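Just so you know, residue 1 is the first one in the sequence shown, and it goes up from there. Fair warning: this is a prediction, and the values are worked out from it, not measured in the lab.
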Amino acid sequence: MDQISPKLLIPQSFLVNRDEVTSQLGLMWELIKAPLLVPMLKLSVYICLGMALMLFMERVYMGIVIVLVKLFWKKPEERYKFVPIEDDEEHGSSNFPVVLVQIPMFNEKEVYKISIGAACGLSWPSDRLVIQVLDDSTDSAIKSMVEQECQRWASKGINITYQIRENRTGYKAGALKEGLKRSYVKHCEYVAIIDADFRPDPDFLRKSIPFLDHNPDIALVQARWRFVNADECLLTRMQEMSLDYHFTVEQEVGSATHAFFGFNGTAGIWRIAAINEAGGWKDRTTVEDMDLAVRASLRGWKFLYLGDLQVKSELPSTFKAFRFQQHRWSCGPANLFRKMVWEIITNKNVRFWKKVYVIYSFFFVRKIIAHMVTFFFYCVVLPLTILVPEVKVPIWGSVYIPSIITILNSVGTPRSIHLLFYWILFENVMSLHRTKATLIGLFETGRANEWVVTEKLGDVAKKVAEANKNKTNSKAIKRYRSKFTDRLNTLELGFSAFLFLCGCFDFMYGKNNYFIYLWLQTITFFITGIGYVGTII
C-alpha cells in the first residue's frame, strides 16, 4: 500500500489560509517596524547609552577618589580629634558618657541571643550603659524566650530592659522612636543601634564613642559590616561582592569628601541630640535610616565612616528573603528621593556642591539610574535590537563601558574575582526586581510601604544541611516538592524564555555574537526562576 502524504490529510484551503496568515503577519511587522518600532528602539538606545555614561562617570569618579583617599587622605584619628576614654582613679567611670544600646527585633528566634549577648559583653562601665531590647514579635513563644534571655543577663548585673508595644506601628522606626521616649534615656548622650543578627566586638564603643565625644559636629559614626556566612552558598557570595563595594568605596568616599553617607540602619552610633534636632525617626518610607541621615545632614551634621571598625553580621541565605530585602532597599530610597528632593534643593544650611552630591550622585545615579540601566539596557533593549537589526548599539556601550564598570565594582572583594562573570549575570537578574521596586517607590504605588523583615537563620542553615546529608526519606521528598513549587518565580522564567528566543535569533541571523551572553543570561534567569540560587559552594 502506497504511503499517504501528510499533506493529503490537511485540507488545501487550510494550507492556503496558513500561508496567508503568515504573510499578513510578516507584512504587519514590516509596516509597524519601520515607522514605529525602529524610532522607539533608537530612542531607547540613546537614553540607555546616556544612563550608562552617567553610571560610568560615577564609577570612575568614585574609583579616582578612593585611590586618593587610600594614598593621601589622613586617617580618621588624624582628621578628627580622638582621645581614648579611660577609667579615672579619682572619679571612677563618671568620665564615660552614658550610652544607650537599642536592639530592635521581630520574631528573631534563631539569632536573638547573638545580639543580646554581644551588647551585654561590650567593654563599657555597666553604670554608664543602658540596653534596650525592642521586641515587636508576634509569636508569644519567641517573646517569652527573648524576655527570659533579658532577665538572665539582668540577673548578672547588666542594665538591660525588655520593651514591647501593643502594635507594630512604624515598624522598626516606630520601635526605635518609642524606645527613645523612656524617661531614663534623657541621661543618655549617644545611642548605638544593633540589629538582631549583628554581634559587635567588646571594644566597639571604645573605638567609636571618642569621635563623638570630642567632635561636637559629628552626629553619626558608622562601622563596616563583616559577613559571617559569606561562604555559605553562592547567593551569599554574590551579596558579599555587592555590599563590599558599597562599604569599601561608596561609604568611604562619602565620608571623606562630604562627611555624608546613608546610615546603614545598624552597627552605628548616633548622637541623640542630632536625632532630635533632625525630627526623630519617621516611618514615611521603608528606609527610616536613610531618611534620618539625610535630614540630619541637611541641618549641618557630619558623619564619619570607620572602615577598620567591623561588626559581624549575617546575609540572607534564601532567595525569597533576599528578594524581599532588595525590594525594600530599592523602593525605599526612590520613595525618599520623591519626598525630599525639593527639601534638599531649597535647603540653606549646606553648600551647593553637597546638594549636587546628594541629589545627583547619592540618589539619582546610585539609587535609580544604576538599577534601570542594568535592566532596561542589558536585559530588554539590547536583546530587542537583535530582532530589529536596523538599530545598532555601539560596541563601547554594549561591551566596553559595562566591562570597566564591572572591573571597578570588583575591587571590594578581590577573593571572589573568579565569580565576577556570574556576579554580572546575577546582578542583571536582580536588576529586574530592583527596577520594579524603584518605579513603585518613585510613583508611590502598590508595595511602596511594604515592610518584610529579612529572615535570619543563624546556625539553622548548617544544621539543615547536615540533617539532609543523613536523612533522605519520602516525607522529605514531599516537603521538597512542595517547597520547589513555592520557589518558582514566573517573572524570571518569562525573561528566560524571551532571552533564549533572542539568543536563537542572533545565532541564526545576527552578526555580533550576542547569543553567547544571551544564553548565559538565560541560564541565570532560569536558575533564579526555579529558586535554585543558593547552591552550596
Side-chain angles (χ1 to χ4, degrees), residues 47-48 50-62 65 173 222 225 239 241-255 257-258 260-265 282 284-298 303 305 322-345 347 350 354-378 405 408-409 412 427-428 430-451:
I47 293 174
C48 288
M51 291 193 296
L53 283 173
M54 292 170 66
L55 184 60
F56 171 74
M57 290 186 290
E58 169 72 10
R59 290 292 186 264
V60 171
Y61 160 75
M62 300 282 279
V65 173
Q222 174 71 59
W225 299 358
Q239 295 175 68
M241 293 176 71
S242 299
L243 289 171
D244 275 355
Y245 176 82
H246 167 69
F247 285 107
T248 304
V249 179
E250 292 179 345
Q251 298 292 75
E252 192 78 66
V253 169
S255 177
T257 57
H258 297 281
F260 169 78
F261 49 84
F263 173 44
N264 294 121
K282 293 186 178 181
R284 56 182 175 173
T285 69
T286 58
V287 284
E288 76 295 324
D289 43 14
M290 186 181 296
D291 189 344
L292 176 61
V294 175
R295 285 185 283 114
S297 179
L298 293 179
F303 304 158
Y305 171 72
F322 180 59
R323 283 180 62 180
F324 278 125
Q325 182 197 68
Q326 292 303 296
H327 173 85
R328 191 172 75 246
W329 286 5
S330 302
C331 178
N335 192 224
L336 182 63
F337 178 67
R338 167 195 171 101
K339 293 178 176 179
M340 290 204 67
V341 62
W342 185 247
E343 183 180 344
I344 297 171
I345 292 172
N347 182 272
V350 296
K354 185 170 184 177
K355 293 182 184 180
V356 172
Y357 173 79
V358 174
I359 294 174
Y360 176 79
S361 181
F362 180 77
F363 273 116
F364 190 61
V365 176
R366 293 188 221 163
K367 311 301 182 186
I368 298 175
I369 294 297
H371 305 323
M372 290 188 175
V373 70
T374 304
F375 173 64
F376 285 120
F377 196 11
Y378 303 111
I405 291 174
L408 292 174
N409 280 345
E427 283 292 292
N428 287 347
M430 291 310 304
S431 69
L432 164 64
H433 299 285
R434 291 169 183 153
T435 299
K436 179 182 175 183
T438 299
L439 293 174
I440 289 173
L442 279 175
F443 296 104
E444 204 165 26
T445 60
R447 299 162 55 197
N449 293 310
E450 179 186 66
W451 182 285

How close do [X] and [Y] get, counting heavy atoms only, and between which atoms?
X: E288; Y: K282; answer: CB-O, 3.4 Å
X: R338; Y: G441; answer: CD-O, 4.0 Å
X: N264; Y: H246; answer: ND2-NE2, 3.1 Å
X: F261; Y: A293; answer: O-CB, 3.9 Å
X: F375; Y: T435; answer: CB-OG1, 3.4 Å
X: C331; Y: I440; answer: SG-CG2, 4.0 Å

Taking the side chain as every heavy atom from C-beta outward, state whether [X] and [Y] have any atom pair closer than 4.5 Å.
X: L442; Y: T438; value: yes
X: H371; Y: K436; value: no
X: R59; Y: N409; value: yes
X: S330; Y: H433; value: no
X: M51; Y: C48; value: yes
X: F363; Y: I368; value: no
X: M57; Y: V365; value: no
X: K355; Y: I345; value: no

What distance do [X] atom [atom1] and [Y] atom [atom2] have between them, rounded to the nearest 0.5 Å?
X: W225; Y: Q251; atom1: CH2; atom2: CD; answer: 9.5 Å
X: Y61; Y: S361; atom1: OH; atom2: OG; answer: 6.5 Å
X: L408; Y: F56; atom1: CG; atom2: CZ; answer: 7.5 Å
X: E252; Y: Y245; atom1: CD; atom2: OH; answer: 12.5 Å
X: F376; Y: L432; atom1: CZ; atom2: CG; answer: 9.5 Å
X: W329; Y: Q326; atom1: CH2; atom2: CD; answer: 6.0 Å

Quick check against the 3.5 Å criterion: does [X] have a side-chain atom that pairs as donor or acceptor with the backbone of [Y]?
X: S297; Y: V294; result: no
X: T374; Y: A370; result: yes
X: E58; Y: F362; result: no
X: Y305; Y: V253; result: no

Give a yes or no on whether a salt bridge exists between R295 and E343, defined as a side-chain N under 4.0 angstrom from a carboxylate O.
no
Does the pair M340 and R284 meet the rule for a side chain to side chain contact (heavy atoms under 4.5 Å, CB included), with working shown?
CA-CA 11 Å; M340 290 204 67; R284 56 182 175 173; 3.4 Å; yes
Should we say atom CZ of F364 is surrounded by more than 12 heavy atoms from elsewhere, each under 6.0 Å from it?
no
Would you say CZ of F443 has more than 12 non-hydrogen atoms from neighbouring residues, nucleotides or ligands within 6.0 angstrom?
no
Applying side-chain contact (heavy atoms from CB on, under 4.5 Å) between F337 and each of I359, V358, I344, T285, report the one that passes.
I359
